[in-house]
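Throughout, numbering of the chain's residues begins at 1 and tracks the sequence. Just so it is clear, the values below take in all heavy atoms, side chains as well, and ignore hydrogens, waters and symmetry mates. Values in this document were obtained by computation on a predicted structure and should not be read as measured data.
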Amino acid sequence: MSTDTTSRRFSRRTLLAGTAASFGALAASRLGAPALAQSPAARSIEVLVLGAGMSGLTAAVALQRRGHKVTVIERQGRIGGRLLSLPLGDGMFTEAGGGHFRSNMPLVLDYIRHFNLPLLSLNDGLPVYMVDGKTVKSANVSDWPWALSAEERNVTVAANLNRYLFRAGLDTETVLQPDWPNTDLLDRLDDITLEDLLRPVGASPDFLKLLAAHGGTFTPFAQTLSIIPDLAYHFGDQNVFRILGGNQRLPMAMANALGRGNIVLDAEVTTIDQSGGRVRVGTKDGKEFTGDAIVSTIPFSVIDEIEVTPAWSAGKARMFAEMEWDKTVKVIVKTREPTWLAQNVRGWPMAGGDRTWERFIDITGNEPGGHGNGFFYLNGTNADLVLNAPRDGRAQRVVDAFQQDLPGLLGDVLSVSDFAWNEQPWIRGSFGSTPIGGGWMVKEWTAPEGRIHFAGDFTTLKTGWVEGAIESGLRAARQIDPEAKPLSGPR
């Protein structure tokens with residue numbers, strides 16, 4: 001086995017190289033993006049957008065199209081937030097953040113279409129499951145050895161889940177609407193886990209174990225409100241895509257349309273003052289920016305590092321303190337070829353179980369070059385095992401455990417590396433979500449704090465998804481200018 005980058009983390013140099021490579025790919029594609037149509041507002045104002053991820057760029061572009069002056073202030077030295085594409089060589093990219101899109105994400109696909117970005121098609125999950133010491137391919141649905149109920153047998157995890165959601169009065173389409181949930185559902189689903197929802201409508205304990213193997217160990221125990229949209233994306237649509245050359249090309253295209261002169265990089269916000277006639281934002285390097293309104297996409301996991309005048313209201317302070325932030329680790333693997341395809345397993349995920357490797361996600365699809373491209377997606381205690389281990393060799397140990405459990409599935413491994421969002425100082429976590437009983441946060445994050453408007457996928461129930469980031473950016477923009485629209489027009 002050759003491992004030319006075995007067990008190393010991606011360094012800042014590598015991150016910047018990925019950014020540069022994606023920029024190069026965008027320029028080389030010769031796919032000119034159309035000019036952004038203007039629909040001027042009656043009165044132009046100055047807006048400071050804190051963060052150059054998808055939510056911030058969405059708000060900035062929507063407001064600029066209305067004729068407002070927009071300045072984006074970004075803590076990092078790059079654009080994209082948690083859309084971060086990293087080069088693997090041979091023209092391949094992996095995704096440290098958002099790894100894929102689906103056709104039930106209309107805003108994402110509209111923005112990709114607007115900028116003429118080429119797509120790669122991926123496979124949805126047809127995994128091998130390893131649960132309770134029993135191993136079987138999901139394709140062999142009639143051979144599943146677990147103690148499933150009679151109605152759970154001979155059908156897939158997705159089919160079973162969708163039946164149980166229907167019985168519980170839900171479905172994978174309605175829950176993705178921007179106005180979901182209504183007040184009644186918010187109250188009903190606030191204090192229960194997904195397991196609490198599914199067990200009364202027939203879900204067996206072993207089905208829930210399989211659901212965890214397919215969707216991640218956290219799935220049955222997550223708050224229902226925060227997990228239902230996630231399940232709807234994964235189990236309500238099988239059309240899976242990536243952007244050729246890396247998903248980070250989307251925010252880069254948006255930044256280019258906005259105008260790079262309107263984006264300030266390497267500017268860590270340290271103060272926000274809205275006590276005077278105009279809002280003022282100060283940065284660590286001594287710069288000060290003034291405006292009439294702020295769109296903040298600063299993660300709530302680090303927002304307490306900023307001195308705010310006047311102080312946050314009690315509701316906002318409580319939300320910042322109580323929102324839960326997950327730790328997610330990706331162990332990134334490049335193989336000589338996607339050998340798993342010949343073994344009739346593939347996709348998102350290609351393997352899932354109750355083992356320390358948790359899930360392997362195959363993102364190869366029709367990516368050119370012939371190599372295999374994927375990553376182990378680790379959460380909870382499995383992520384802790386990696387994060388608490390010595391950096392040297394921690395990723396390789398995950399691969400070795402998988403190879404021991406499922407020998408021959410990966411084939412010849414060319415490189416191994418790892419990436420963890422909680423090790424990035426600007427966010428210190430991966431996904432921000434509402435805890436049990438945290439439904440009150442929905443109202444809190446949608447309400448401005450004076451002239452500060454909040455955005456970010458963590459200010460939606462679609463946490464971790466680009467569709468949620470775009471929705472939140474549009475919401476914040478419309479709070480400032482009700483006529484702000486997405487690139488495709490009204491939505």
Side-chain angles (χ1 to χ4, degrees), residues 33-74 79 81 106-108 110-111 113-115 177-179 250-251 253-264 269 272-281 289-298 303 308 313 316 442-460 462 466-491:
L36 296 178
Q38 297 290 317
S39 177
R43 183 177 74 87
S44 174
I45 65 171
E46 295 184 63
V47 182
L48 306 177
V49 177
L50 312 184
M54 279 300 299
S55 56
L57 292 171
T58 296
V61 167
L63 290 168
Q64 188 189 67
R65 293 175 71 203
R66 292 283 293 153
H68 302 294
K69 180 180 178 181
V70 179
T71 302
V72 179
I73 304 167
E74 168 57 49
I79 289 162
L107 286 168
V108 175
D110 281 349
Y111 277 62
R113 187 178 296 112
H114 177 87
F115 292 110
Q177 299 302 312
D179 58 354
L250 176 56
M254 295 178 69
N256 287 336
L258 184 68
R260 295 299 300 277
N262 297 313
I263 302 175
V264 183
V269 173
I272 299 174
D273 187 344
Q274 56 173 337
S275 61
R278 307 195 79 204
V279 294
R280 300 196 304 275
V281 170
F289 303 84
T290 59
D292 302 297
I294 290 173
V295 174
S296 174
T297 71
I298 295 171
I303 204 166
V308 179
S313 64
K316 293 294 188 292
V442 175
K443 183 177 180 180
E444 198 65 50
W445 66 49
T446 56
E449 181 92 335
R451 287 165 285 177
I452 302 173
H453 307 262
F454 297 94
D457 63 90
F458 49 89
T459 68
T460 75
K462 298 171 182 173
V466 176
E467 187 80 1
I470 294 175
E471 283 184 7
S472 72
L474 291 171
R475 181 190 68 230
R478 286 166 175 160
Q479 288 175 347
I480 294 170
D481 185 338
E483 296 301 315
K485 294 179 175 62
L487 292 178
S488 61
R491 186 177 293 277

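Looking at L57 and I263, their side chains come closer than 4.5 Å, going by heavy atoms from C-beta outward. By the 4.5 Å heavy-atom criterion applied to side chains, T460 and E467 are not counted as neighbours. Between Y111 and V466 there is no side-chain heavy-atom pair separated by less than 4.5 Å.
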Quick one: do N256 and F115 satisfy side chain to side chain contact (heavy atoms under 4.5 Å, CB included)? Show the steps, please.
CA-CA 10 Å; N256 287 336; F115 292 110; over 6 Å; no
I would like to know whether L50 and I452 meet side chain to side chain contact (heavy atoms under 4.5 Å, CB included); could you show each step before the answer?
CA-CA 10 Å; L50 312 184; I452 302 173; over 6 Å; no
Side chain to side chain contact (heavy atoms under 4.5 Å, CB included) assessment of H68 paired with D481:
CA-CA 9 Å; H68 302 294; D481 185 338; 2.8 Å; yes
Take D457 and M54 through the side chain to side chain contact (heavy atoms under 4.5 Å, CB included) test and state the conclusion after the steps.
CA-CA 9 Å; D457 63 90; M54 279 300 299; over 6 Å; no
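Summarising the geometry of I79 relative to P251, their closest heavy-atom pair is CG2-O, 3.9 Å, with the distance given to 0.1 Å. Closest heavy-atom contact between A62 and L474: CB-CD2, 4.2 Å. Across every non-hydrogen atom of L48 and G291, the tightest pair is CD1-N, 4.0 Å. A pairwise comparison of heavy atoms in L107 and P486 identifies CD2-CB, 4.1 Å as the closest pair. When every heavy atom of G276 is checked against every heavy atom of D273, the shortest pair comes out as N-OD1, 4.3 Å. When all heavy atoms of A60 and V72 are compared, the pair lying nearest together is CB-CG2, 3.8 Å.
Side-chain contact annotation: E449 with S313, donor-acceptor N/O pair under 3.5 Å present.
Take K443 and apply the salt bridge (Lys or Arg N to Asp or Glu O under 4.0 Å) test, not counting sequence neighbours, and it matches no residue. E74 is linked by a salt bridge (Lys or Arg N to Asp or Glu O under 4.0 Å) to nothing, counting only residues two or more places apart in sequence or in another chain. A search for side chain to side chain donor-acceptor pair (under 3.5 Å) contacts involving E444 returns K316, not counting sequence neighbours. Under the side-chain contact (heavy atoms from CB on, under 4.5 Å) criterion, Q479 pairs with P448, H453, R475, sequence neighbours left out. A search for side chain to side chain donor-acceptor pair (under 3.5 Å) contacts involving R451 returns nothing, not counting sequence neighbours. Judged as a side-chain contact (heavy atoms from CB on, under 4.5 Å), and not counting sequence neighbours, the contacts of A455 are S55, V295, T297, S472, A476.
Tested against I470, the residues T58, L487, D110 include a single side-chain contact (heavy atoms from CB on, under 4.5 Å) partner, T58. For the pairing with T290, the side-chain hydrogen bond (donor to acceptor under 3.5 Å, both in side chains) check across R278, E46, R280 returns one residue only, R278.
Atom CG of residue L63 and atom CD of residue E483 lie 12.0 Å apart, to the nearest 0.5 angstrom. Distance check: D292 CG to I480 CD1 gives 9.5 Å after rounding to the nearest 0.5 Å.
In this structure, R66 contributes its side chain and K485 its backbone to no donor-acceptor pair below 3.5 Å.
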